[in-house]
Amino acid sequence: MNTDIFKILSEKPASTIISASMIDRRMDAGCFQPTYLKNENSLLNGSVPSARLGSLYSKGNYGSLPDSVDYATNGVALIRGTDLESMTVNLSDAVRVPEYYYDQFKKAQIKTGDILMLVKGASIDRPDSVAMFPETDEKAIANGSVFIIKAKTKKVNSKYLFAVMTSESFLLQKRRGSSNTGALYNDLDTIKSFIVPLPDQKIQDYIGHKVELAAKCRSSATKLKAKAKKQFEELIQWDAKFELPHLSHWVLPDFMSSRMDLNFNSPRKIKLIEFLQEASFKCKQLDTLVDISAMIGWKGLTTEHYVDEGPWLLRGVEYRDGYIDFDALVSVEQYKYDEQPQIHLTHKDIAMTKDGTIGKAIVVPKLNKSMAAGSTIARLRIKNGTINPYYLEVVINHPVVQIQIQSFATGLAQPHITQEWIAQLIIPRVESAESEIAKLVEKHHCLMERAHNLSKEAKCDVESLLEGKLDTDAILSGKLIAPTWEVIEKELEGI
């Protein structure tokens, strides 16, 4: 079949005429949208050889379905679809189940290098609905919404396969293969039938190396972040017991201040304040270190002011773990941006969420166009070099400040912290080591950005391959070489 036979006049036409040979297990109209048919025709009849996914893995299992009553404080990590983030696994936020689950549900066990694919839910075709399990000592199992794949390395480069599974052509197959009008679902036969392009091994290795390098960047970044946190905690002699909840306690009148609610007078907060008052290190109130801008609203800004091109709007959902997902940002009209100079964001400002998930902080990186803080974001701008912003980010994200933030929160349905309370946050100072800690955090951010960009490049390489735009001759001849870890290490030396 010629790949040029499709001319799509409408994505969802009133009717579509298809050949009987194209009907397999399903006959519903949604399965035969022209976009789906063109995509799979191109994969099967294009210039790149292909194979079915089922022939490329040695292990392909769904996860288990533990009862939520078995969730535990400690134990084995249970990886759900929500834990697949930015093409990796968010182990830190994963719920836990008892240790015996690991041996009881052997088919749900996850090993380093396994590919995890979301196969159930409304977002099964989102770009980060697939992740590669990182190198870790933690035991983990997958839940029923996740499908576990171990690639046959003699047939396909596993890192390349991962890149394919993030590409638009693969995600279209997932969407087409979904069944159920409620929660979308990919069954086993559908998963096995997904088409995977299989170019020359050198091309697979070139693309797969970028995925491998991205994983190394994330791993190194995680170690740098842990080192920065450990160094800070040792300097302030932090006791993890402060983070534990307490069922009841007595509060002296001196500590109750202007509020009498339990949240404000939580035992964690009271013990923390006592600790800071007795500490040998200096403490500063936040408003002595930064200028704070935490607006309640933004002159009637609505989604009607969102545009394809214009200044970015940072809302808080787009950043996590030191990286802003610029692809997820929305843009606003220029005149709306110009209305509010006090919420313009520039390099080394700190953005901190003040609504919903409050207290999440990040240093704004170098920007190639204007950015503004949304109504859920407080802008913290350093006063005359009083403190390194990367050090301040560590402190705000640490329980030593997070406990304060949670105690200051108001609102039942959606937590909120006002500018008045943000100003009163107490910041520990360890001036002799702040610069060193800040460098670790800045390097962490650099590596996280690199990891994201490398993953995105690998995805784009797969799509360019299918479109005939990837310079395969240069890759095969060795003229085009993927980035190396040595190059990235030299970049870090400049920080």
Side-chain angles (χ1 to χ4, degrees), residues 221 224-225 228-229 232 283-296 298 311-326 329 340-367 369-406 408-409 415-431 433-446 448-449 495:
L224 288 170
K225 181 180 177 181
K229 182 183 179 183
F232 172 68
C283 290
K284 291 287 186 180
Q285 194 163 289
L286 184 59
D287 61 356
T288 67
L289 304 172
V290 300
D291 291 316
I292 305 166
S293 179
M295 296 178 61
I296 297 175
W298 183 0
W312 282 316
L313 180 67
L314 186 66
R315 299 166 295 173
V317 294
E318 305 92 351
Y319 68 84
R320 182 189 169 276
D321 198 18
Y323 176 73
I324 298 174
D325 184 358
F326 289 93
L329 292 171
Q340 302 287 358
Q342 64 268 44
I343 45 85
H344 293 177
L345 292 168
T346 60
H347 182 215
K348 294 190 177 180
D349 283 344
I350 294 178
M352 189 187 88
T353 51
K354 62 182 183 67
D355 296 288
T357 305
I358 59 175
K360 186 173 67 168
I362 188 172
V363 175
V364 177
K366 291 180 180 178
L367 304 171
K369 72 175 184 178
S370 302
M371 176 183 281
S375 60
T376 60
I377 296 290
R379 185 192 73 182
L380 312 180
R381 180 162 288 174
I382 307 298
K383 289 182 177 179
N384 302 319
T386 52
I387 192 169
N388 188 297
Y390 292 99
Y391 169 78
L392 183 55
E393 180 194 314
V394 169
V395 179
I396 293 175
N397 287 328
H398 189 273
V400 74
V401 172
Q402 288 295 307
I403 291 171
Q404 299 177 61
I405 289 172
Q406 297 305 318
F408 289 153
H416 170 75
I417 183 169
T418 65
Q419 182 165 327
E420 172 194 2
W421 292 114
I422 294 172
Q424 296 182 43
L425 294 172
I426 300 171
I427 306 298
R429 300 300 305 267
V430 286
E431 294 176 352
E434 286 179 7
S435 178
E436 184 180 348
I437 292 172
K439 281 187 178 181
L440 293 172
V441 178
E442 189 173 0
K443 287 180 179 181
H444 166 271
H445 290 10
C446 178
M448 290 302 292
E449 181 178 7
I495 295 175

**Prompt:** Closest heavy-atom contact between Pro389 and Val363?
**Reply:** O-CG2, 3.4 Å
**Asked** Can you list every pair that meets side-chain hydrogen bond (donor to acceptor under 3.5 Å, both in side chains) and has a residue in residues 378-389, with sequence neighbours left out?
**Response** Thr346-Arg381, Asp349-Arg381
**Message:** Tell me whether Thr353 contacts the main-chain N or O of Gly359 through its side chain, where contact means a donor paired with an acceptor under 3.5 Å.
**Reply:** yes
**Asked** Taking atom NZ of Lys284 and atom CD1 of Ile427, what is their separation to the nearest 0.5 Å?
**Response** 12.0 Å
**Request:** To the nearest 0.5 Å, tell me how far Leu345 CG sits from Leu314 CG.
**Result:** 6.0 Å
**Message:** Can you tell me how far apart CD1 (Ile405) and CZ (Phe408) are? Round to the nearest 0.5 Å.
**Reply:** 9.0 Å
**Complete:** When rounded to the nearest 0.5 Å, the distance separating CZ of Arg320 from CD1 of Ile362 is 11.0 Å
**Fill in**
side-chain contact (heavy atoms from CB on, under 4.5 Å) with Leu286: of Leu392, Ile387, Ile426, Val395, only one passes, and it is Leu392
**Request:** State, with a plain yes or no, whether a side-chain heavy atom of Ile358 is found less than 4.5 Å away from one of Gln406.
**Result:** yes
**Request:** Give, for atom NE2 of His445 and atom CG of Leu224, the distance between the pair rounded to the nearest 0.5 Å.
**Result:** 11.5 Å
**Prompt:** For the residue pair Ile343 and Ser293, what are the closest heavy atoms and their distance?
**Reply:** CG2-OG, 3.8 Å
**Request:** Please check if atom NZ in Lys369 has more than 12 non-hydrogen atoms from other residues, nucleotides or ligands closer than 6.0 Å.
**Result:** yes
**Item:** Residue list, side chain to side chain donor-acceptor pair (under 3.5 Å) with Tyr323, at least two apart or on another chain
**Value:** His452
**Item:** By side chain to side chain contact (heavy atoms under 4.5 Å, CB included) - contacts of Glu431 (at least two apart)
**Value:** Arg429, Glu434
**Request:** Output every pair passing side-chain hydrogen bond (donor to acceptor under 3.5 Å, both in side chains) with a member in residues 355-365, not counting sequence neighbours, ordered by first then second residue.
**Result:** Asp355-His416
**Request:** Grab the two heavy atoms, one from Ile324 and one from Pro365, that are nearest each other, plus how far apart they are.
**Result:** CD1-CD, 3.7 Å
**Prompt:** Should Val441 and Phe232 count as side-chain neighbours, where that means a heavy-atom distance under 4.5 Å?
**Reply:** no
**Asked** Do the side chain of Gln419 and the main chain of Ala294 share a donor and acceptor less than 3.5 angstrom apart?
**Response** yes
**Request:** Check Leu380, Ile422, Leu425 against Ile396 for a side-chain contact (heavy atoms from CB on, under 4.5 Å) and give me the one that passes.
**Result:** Leu380
**Request:** Taking Lys348 for its side chain and Tyr390 for its backbone only, find out whether a donor-acceptor pair lies under 3.5 Å.
**Result:** no
**Message:** Under a 3.5 Å distance rule, please check whether Glu393 uses its side chain to pair with a backbone N or O of Tyr391 as donor and acceptor.
**Reply:** no
**Asked** Sequence neighbours excluded, which residues qualify as ring pair (Phe, Tyr, Trp, His ring centres under 6.0 Å) partners of Phe326?
**Response** Trp312
**Message:** Ignoring hydrogens, what is the shortest heavy-atom contact between Ile350 and Ala361? Give both atom names and the distance.
**Reply:** CG2-CB, 4.0 Å
**Request:** Please list, chain by chain and in numerical order, all residues satisfying salt bridge (Lys or Arg N to Asp or Glu O under 4.0 Å) with Lys225, sequence neighbours excluded.
**Result:** Asp321
**Request:** Calculate, to the nearest 0.5 Å, the distance between atoms NE2 and CD1 belonging to His444 and Ile495 respectively.
**Result:** 12.0 Å
